[in-house]
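Remarks on the structure that follows.
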2 protein chains.
Amino acid sequence: MLSRPVIVQAAIDVIDAQGAAALSLRSVARRLGVDAKSLYNHIENKEALLDAIAQQVLSRMVVPAATGDLRTDLIAIAHAFRAAALSSHREAVTLVLSRPAELLAHLTPLEATLAALMAAGAKPDWAVHAVRATLAFISGSLLREASTGLTLGADDPAIAGPREAALADLGLTHVALVAPYLSRLDHLREFDFGIGILADAFVRELAQAAAKA
Amino acid sequence: MLSRPVIVQAAIDVIDAQGAAALSLRSVARRLGVDAKSLYNHIENKEALLDAIAQQVLSRMVVPAATGDLRTDLIAIAHAFRAAALSSHREAVTLVLSRPAELLAHLTPLEATLAALMAAGAKPDWAVHAVRATLAFISGSLLREASTGLTLGADDPAIAGPREAALADLGLTHVALVAPYLSRLDHLREFDFGIGILADAFVRELAQAAAKA
DNA sequence: ACCTGAACACCGTTCAAGT
DNA sequence: ACCTGAACACCGTTCAAGT
């Protein structure tokens, strides 16, 4: 009855239903109507379960077909990765991000990104730097999505006005100046902004290297 | 005797000495020779303690003086942020990163980055996007530094050779191709690569906007 | 082969009682 | 004002005993 895949799915269900904080061997076992100690017949320990969850979440990623245009492909891969990571409860993403990237599941997007970069003429060592910068940006973006409440919206001028004045008093004049924009946070828009910048930079760099050769 | 700053410092000491996993109200109290429940006279709960730790770690950041050159200033601020975040045990950084960015301590680097961008002619809304992209990259980079073992080095060709063959067999031909570069990870180098790309992109974008105006 | 009872060394937190 | 004893509802994990 009990099996590794069943346990992993139950763990994801716990996170989806009650948040990442509620995840424990005991809560997973409770959901399965089983004693927590029984899980040890199928998983090594809690750490291994967390690895398996991260693996399972990432394995839902659908790698988009390459179009041959580097910018298009990089953006499509980044979106696919983000969609997979966010496909469960928002908090599940922190679990994926806090596992070391050597998990097998990470290799699929890695392969796709490297393929896109190298098809566009990137040399191996440079491609590795580029993919690492991209992954760092994606990780940081998802971490923010997970830990930020929906938005920071406080558009009520009755609140915003005094707050800006307080910021200016603290010497944070520039923060005060942009406060209206800081109070709005559209995760997807920020994601696209950053990925677009990186993709543009990669395209430009490769074109420049090609022109020199 | 007991006080909030003393408790926060003891908590950081616990992390430095025994890692983030060993941090608990009880371990902090033990280090202070006090009962864990006594801490509640000075902190609200564990969450508040974690916030205070993040605040304290980030407050060590020394904001560099502005030079007026956007690229130079952005890179200097990023390095200062990284240095502060890594000034304790590597694992302490995950604590800082997992707290929402609305903490007061985040405002110092935010102000400096916005000032650099706007001095270079950035409009408020665009400056906010730029600073968010930069912070996402920095967060992702630090998260990798915290969760990755020192390096992934496995340069022994007797190990590397078969591993690359195995990767190629899985259809991961590009991963196999770059495996020698993936096995080496210099955190600072990767950090500089990414920050450099972002800074270059911002400088170029602002120059372009200025030329159009 | 798989499950569980007893047991251990942990957690965060409340509240009433002590100084 | 600050500290603690008693108490509660949790954790992960081992190991011997059961089916």
Side-chain angles (χ1 to χ4, degrees), chain A residues 1-57 88-89 91-92 94-100 103 147, chain B residues 1-57 88-89 91-92 94-100 103 147:
Chain A
M1 207 55 257
L2 217 46
S3 73
R4 205 181 151 86
V6 166
I7 292 171
V8 171
Q9 187 52 53
I12 294 176
D13 291 344
V14 168
I15 296 174
D16 286 351
Q18 302 158 61
L23 179 68
S24 71
L25 293 184
R26 287 165 129 109
S27 66
V28 171
R30 215 176 295 130
R31 171 168 283 259
L32 291 169
V34 159
D35 190 287
K37 301 185 278 349
S38 301
L39 304 181
Y40 282 90
N41 287 300
H42 304 92
I43 59 160
E44 300 64 36
N45 50 35
K46 193 185 183 185
E47 280 295 293
L49 175 58
L50 297 181
D51 278 344
I53 295 171
Q55 193 89 236
Q56 168 67 15
V57 167
S88 283
H89 192 286
E91 293 177 33
T94 57
L95 235 159
V96 175
L97 296 176
S98 62
R99 303 279 103 196
L103 295 176
S147 67
Chain B
M1 208 54 256
L2 217 46
S3 73
R4 204 180 151 87
V6 166
I7 292 171
V8 171
Q9 188 52 53
I12 293 176
D13 291 344
V14 168
I15 295 174
D16 286 351
Q18 303 158 60
L23 179 68
S24 71
L25 294 185
R26 289 165 128 109
S27 66
V28 171
R30 216 176 295 130
R31 173 169 281 259
L32 291 169
V34 160
D35 190 287
K37 298 185 282 342
S38 302
L39 303 182
Y40 282 90
N41 287 301
H42 305 93
I43 58 159
E44 300 65 38
N45 51 37
K46 194 185 182 183
E47 281 295 292
L49 176 58
L50 296 181
D51 279 342
I53 295 171
Q55 194 88 236
Q56 168 67 15
V57 168
S88 283
H89 192 286
E91 293 178 34
T94 57
L95 234 158
V96 176
L97 296 175
S98 63
R99 303 278 101 196
L103 296 176
S147 68

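Residue numbers start from 1 in every chain, and the chains themselves are labelled A, B, ... in the order their sequence lines are given, proteins ahead of strands. Note: hydrogens, waters and symmetry copies are ignored here, and every other heavy atom, side chains too, is used.
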What distance do [X] atom [atom1] and [Y] atom [atom2] have between them, rounded to the nearest 0.5 Å?
X	Y	atom1	atom2	value
A/I7	A/S38	CD1	OG	8.5 Å
A/D35	A/Y40	CG	OH	11.0 Å
B/D13	B/L32	CG	CG	8.5 Å

Keeping the roles fixed (side chain from A/H42, backbone from A/L2), state whether a donor-acceptor pair exists under 3.5 Å.
yes
Fill in the dot-bracket string of DNA chain C, one character per base: . for unpaired, | for a pair to another strand, ( ) or [ ] for pairs within the strand, taking Watson-Crick or G-U pairs under 3.5 Å.
||.|||||...|||||.||
Residue pair B/Q55, B/D51: steps toward the side chain to side chain donor-acceptor pair (under 3.5 Å) verdict
CA-CA 6 Å; B/Q55 194 88 236; B/D51 279 342; over 6 Å; no
Spell out protein contact along nucleotides 1-13 of chain C as letters: B when the base is contacted, S when just the sugar-phosphate is, - when no protein heavy atom is under 4.0 Å; keep the 5' to 3' order.
-SBBBB----BBB
Is A/Q9 close to A/V6 at the side-chain level, that is, under 4.5 Å between some pair of heavy atoms?
no
Would you tabulate the side-chain donor-acceptor contacts of residues 16-25 of chain A under 3.5 Å, counting partners in other chains and residues two or more places apart, or write 'none'?
| unit_1 | atom_1 | unit_2 | atom_2 | d |
| --- | --- | --- | --- | --- |
| A/D16 | OD1 | A/H89 | N | 2.8 |
| A/S24 | OG | A/R26 | N | 3.4 |
| A/S24 | OG | A/S27 | N | 2.9 |
| A/S24 | OG | A/S27 | OG | 3.3 |

